[in-house]
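Quick notes on the structure that follows.
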Amino acid sequence: MATSSITKNFIISGQKQVEKFANAIEESYQESLHRAPTPDLGITHLRGSEEVKKFMAKRKKTNA
């Protein structure tokens, strides 16, 4: 998410800057509504080293 990368304070002054900032936030939000959902891998929790190994093998095969 884009907002997680904002780590510093900044100042917005003037009507034009405020409108640009508000428009950018609105555009980002609208884009997030149209993103394709991530595929369901059927895993909700990995418990134990064997499940982690199986998941990583599946991931490696999928991304190869």
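Between F21 and I25, some side-chain heavy-atom pair lies under the 4.5 Å cut-off. V52 has its side chain within reach of M56: a pair of non-hydrogen atoms, C-beta onward, lies under 4.5 Å apart.
Interatomic distance, CD of Q30 versus CG of N23, reported as 11.5 Å (0.5 Å rounding). Atom-to-atom distance recorded for Q17:CD and Q15:CD is 11.0 Å, nearest 0.5 angstrom.
Every residue was checked against the side-chain hydrogen bond (donor to acceptor under 3.5 Å, both in side chains) condition with E50, not counting sequence neighbours, and none meets it.
Judged by distance alone, with hydrogens and angles left aside, the side-chain atoms of S28 form no donor-acceptor pair with the main-chain N or O of A24 at under 3.5 Å.
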